[in-house]
Amino acid sequence: MQLDRLLQKHGFGTRKGCRGLVRNERVTVNGEICTDPFAEFETSGLIFTVDDIVWPYAEFACLMLNKPSGYECSRKPLHHPSVLSLLPLPLRERGVQPIGRLDEDTTGLLLITDDGQLNHVLSSAKRKVPKVYLAMTKHAVEQDQIEQLLNGVLLNDEPEPIRAAACEIAGSHLLRLTVTEGKYHQVKRMVAAAGNRVEALQRESIGDLSLPGDLAPGDWRWLSAVDLKKLGYLL
Ligand code: URA
């Protein structure tokens, strides 16, 4: 791929702007400064830098973020900054979007991508991708609440009771539950319907992919091929 096109694809501005970056010696490819914006490169395994920041060639940007509280998942947030503001500008310029939404005060694993197919596969109601949440509750968790959540609770606007795919007591005021849908405020509404109240909520995993213990709130990383496999996306 031609270098100016490669840079444009990765969110570094217009084709003309990208040519300027290259001519001004701000770009290296596979460890060497390249000043020819029209130079052609094999993209597989290519690593480039712009102003000393390292980027892998990525046909699609697929990321995980440890979402902190106080950020909205919308591209046009109303009351709080967008989670996208936690990403470097070139990634935002690529047009990445969160896959599904977490509430402003929910923390934990959020996937972000510009790969429409990945977004579609993981958001599709039919695929019933399990999502595990840890909820801190206002009142002590009772076994009866677990039974209700497993048997199904009726939520406003839902014709059928919604069941947790799994649910367990994780502490006196902690509940771990798995849901396969992605309905609005689903976990908070389910726990309320079972007679308790969510005070804090964290998403721990999606499919077989868990939030890594060493990914600090607000930090992001690229999804690896192993991560994509854990999401059932790569075979
Ligand atoms: N369920 C909720 O209630 N809120 C979230 O952010 C995610 C799931």
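Every number for a ligand or one of its atoms is a count from 1 in the order of the listing.
Of the heavy atoms in T106, only side-chain atoms (C-beta onward) come closer than 4.0 Å to ligand 1. In V198, neither the side chain nor the backbone holds a heavy atom less than 4.0 Å from any atom of ligand 1.
At least one N or O atom of V187 sits closer than 3.5 Å to an N or O atom of ligand 1. The N/O atoms of R189, backbone and side chain alike, include none that comes under 3.5 Å of an N/O atom in ligand 1. Considering backbone and side-chain atoms together, R101 places no N or O closer than 3.5 Å to any N or O of ligand 1.
When all heavy atoms of L154 and P161 are compared, the closest pair comes out as CD1-N, 3.6 Å.
Protein heavy atom nearest atom 4 (N) of ligand 1, with residue, atom name and distance: D103 OD2, 2.7 Å.
Using a 30° and 60° split on the angle between ring planes, W55 and F12 fall in the perpendicular class, above 60°.
In summary, K9 and D114 do not engage in a salt bridge, as defined by a charged side-chain N under 4.0 Å from a carboxylate O. Under a 4.0 Å N-O distance rule, the pair E199/K138 does not qualify as a salt bridge. Salt bridge D105/K188: present, at least one basic N to carboxylate O contact under 4.0 Å.
Residue contact annotation: Y133 has a non-hydrogen atom under 4.0 Å from ligand 1.
Side-chain N or O atoms of S210 include none that pairs as donor or acceptor with a backbone N or O of S205 at under 3.5 Å.
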